[in-house]
Amino acid sequence: MKIFMGMFLIAFSLSCLANSSLPPNRHVAVQGKAKLTAIPDIATLKFEVRNIDKNALNAKQKVDEIVNGLLNGLHKFSIKEQAVTASNLLTEPHIRYGDNDEEVIDGFVATRTINLTVSDLNLLNDVINFALSVGINEIEDIQMSSSQIEQLMEKANQLAVQNAKEKGASLAKAFGATLGDIYSINSNNNSAGYNYVSHYGLERITVTGSRVDPDDLTPGRYLQASMSVAANIDVVFDLIVEK
């Protein structure tokens, strides 16, 4: 029985080693991190157009009228066609519940969502006012970002790589060793909240910023104080130990 258990433990250990992402020799695993802040200079608006009518066609035509009114006037704000996306129009029964909780079809609702990017934040207030004036029902979201996002991501990535090297070298030195070759580079797949995510090879880069609540907006002031660009990278280095 002891011989069997011993063989089982040896086999189990070899199996764990084979499935591990860490090398069997001396090594150090570190996570490089970097975070940059930037001032947003562009905004993406998400509008919803919604209309309820007894007749489905009438509901659709009203939504079409509002959307066309918005699109036809965006040139006044130097917003190009490629900066606007509009979803397909959706129509469905508008259901209410009667006194006995029974479903009652009370007309039809037509909806359509529009996203547009404003590259001049000085015009943001005017764009919103114009959208409301042509009949936009709801401003669902306002997201601030930077026109230099790709450059910020690349810089954050470079700083995270440098941070990983410095951490690895510091730990190795503390134990009387030096860094060897890179064994592996892995991305950090954790993300949460409101963010943009981009993969560059093996690293994970996220851009985060707080959402602007349209109900809290002060006329003429839509600038988000700052946004952050963060990069995380996990690296395993071999260790060189002088004997």
Side-chain angles (χ1 to χ4, degrees), residues 40-150 191-198 206-225 227:
D41 60 0
I42 59 176
T44 300
L45 307 177
K46 183 178 181 180
F47 298 133
E48 182 180 83
V49 186
R50 189 169 184 266
N51 185 260
I52 301 173
D53 196 280
K54 294 292 185 181
N55 182 279
L57 179 59
N58 291 341
K60 173 191 176 299
Q61 291 175 337
K62 182 61 178 178
V63 168
D64 287 340
E65 176 186 332
I66 294 172
V67 171
N68 291 336
L70 175 69
L71 298 179
N72 292 336
L74 290 179
H75 67 278
K76 296 184 294 185
F77 309 99
S78 300
I79 297 177
K80 298 181 180 179
E81 184 177 336
Q82 55 265 37
V84 183
T85 59
S87 69
N88 293 328
L89 187 142
L90 173 68
T91 59
E92 58 186 349
H94 181 251
I95 297 175
R96 65 176 178 82
Y97 290 91
D99 295 336
N100 298 319
D101 291 332
E102 74 279 9
E103 291 187 355
V104 178
I105 297 179
D106 188 23
F108 296 86
V109 56
T111 57
R112 196 173 185 188
T113 300
I114 300 174
N115 293 280
L116 64 89
T117 299
V118 180
S119 56
D120 183 354
L121 292 185
N122 292 320
L123 296 176
L124 183 56
N125 185 51
D126 293 334
V127 172
I128 291 175
N129 287 342
F130 171 70
L132 296 175
S133 72
V134 298
I136 295 295
N137 303 88
E138 183 177 349
I139 304 173
E140 289 194 338
D141 197 14
I142 301 177
Q143 296 181 359
M144 299 296 196
S145 186
S146 170
S147 60
Q148 302 297 313
I149 193 64
E150 296 295 332
S191 64
Y194 161 57
N195 58 67
Y196 297 89
V197 179
S198 177
T206 62
V207 182
T208 61
S210 58
R211 177 172 294 159
V212 179
D213 187 345
D215 294 334
D216 297 333
L217 293 175
T218 301
R221 295 187 59 82
Y222 298 95
L223 283 176
Q224 183 175 309
M227 58 182 291

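Predicted model, so just to flag it, every value in this text is computed and none were measured.
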- [ ] Check Ile128 against Ile142 and note the closest heavy-atom contact, atom names and distance.
- [x] CD1-CD1, 4.1 Å
- [ ] Taking the side chain as every heavy atom from C-beta outward, state whether Ile114 and Glu140 have any atom pair closer than 4.5 Å.
- [x] no
- [ ] Answer yes or no: is there a side-chain heavy-atom contact under 4.5 Å between Leu70 and Phe47?
- [x] yes
Open item on the list: Rounded at 0.5 Å granularity, tell me how far CD in Gln143 sits from OG1 in Thr117.
Closed with: 9.5 Å
Open item on the list: Side chains of Leu89 and Lys60, heavy atoms from C-beta outward: is any pair under 4.5 Å?
Closed with: yes
TODO: Hey, could you give me the OG1/CD distance between Thr111 and Glu138, rounded to the nearest 0.5 Å?
DONE: 11.0 Å
TODO: Would you name the heavy atoms of Thr91 and Ala110 that are closest together and state the gap between them?
DONE: CG2-CB, 3.8 Å
- [ ] Decide yes or no for Asn137 and Glu48: does some side-chain heavy atom of the first lie under 4.5 Å from some side-chain heavy atom of the second?
- [x] no
Task: Residues that Phe108 engages under ring-ring contact (aromatic ring centres under 6.0 Å, His included), provided they are two or more places apart - done: none
Open item on the list: Exactly one of Asp141, Ile136, Leu124 should register a side-chain contact (heavy atoms from CB on, under 4.5 Å) with Leu45. Which one does?
Closed with: Leu124
Open item on the list: For Glu81, I'd like to know if atom CD has over 12 heavy atoms of other residues, nucleotides or ligands within 6.0 Å.
Closed with: no
TODO: Just do the side chain to side chain contact (heavy atoms under 4.5 Å, CB included) check on Val104 and Tyr97 with the steps written out, would you?
DONE: CA-CA 6 Å; Val104 178; Tyr97 290 91; over 6 Å; no
TODO: For side chain to side chain contact (heavy atoms under 4.5 Å, CB included), just list the numbers for Arg112 and Leu90, CA-CA rounded to whole Å, side-chain angles, deciding distance to a tenth of an Å, and then say yes or no.
DONE: CA-CA 6 Å; Arg112 196 173 185 188; Leu90 173 68; over 6 Å; no
Open item on the list: Checking Val63 against Arg50 for the side chain to side chain contact (heavy atoms under 4.5 Å, CB included) test, could you report, in this order, the C-alpha distance in whole Å, the side-chain angles of both residues, the deciding distance, and whether it holds?
Closed with: CA-CA 6 Å; Val63 168; Arg50 189 169 184 266; over 6 Å; no
Task: Met227 and Ile149: CA distance, side-chain angles, deciding distance, side chain to side chain contact (heavy atoms under 4.5 Å, CB included) verdict - done: CA-CA 10 Å; Met227 58 182 291; Ile149 193 64; 4.1 Å; yes
TODO: Answer yes or no: is there a donor N or O on one side and an acceptor on the other, between the side chain of Asp53 and the main chain of Ala56, under 3.5 Å?
DONE: no
- [ ] Determine whether Val84 and Ile79 make a side-chain contact, defined as any pair of heavy atoms from C-beta on separated by less than 4.5 Å.
- [x] yes
Task: Side-chain ion pair, Lys54 and Asp106, N-O less than 4.0 Å - done: yes
Open item on the list: For the OG atom of Ser147 and the CD1 atom of Ile42, what is their distance to the nearest 0.5 Å?
Closed with: 6.0 Å
Open item on the list: So which atom in Pro93 and which in Ile105 form the shortest heavy-atom distance, rounded to 0.1 Å?
Closed with: CB-CG2, 4.1 Å
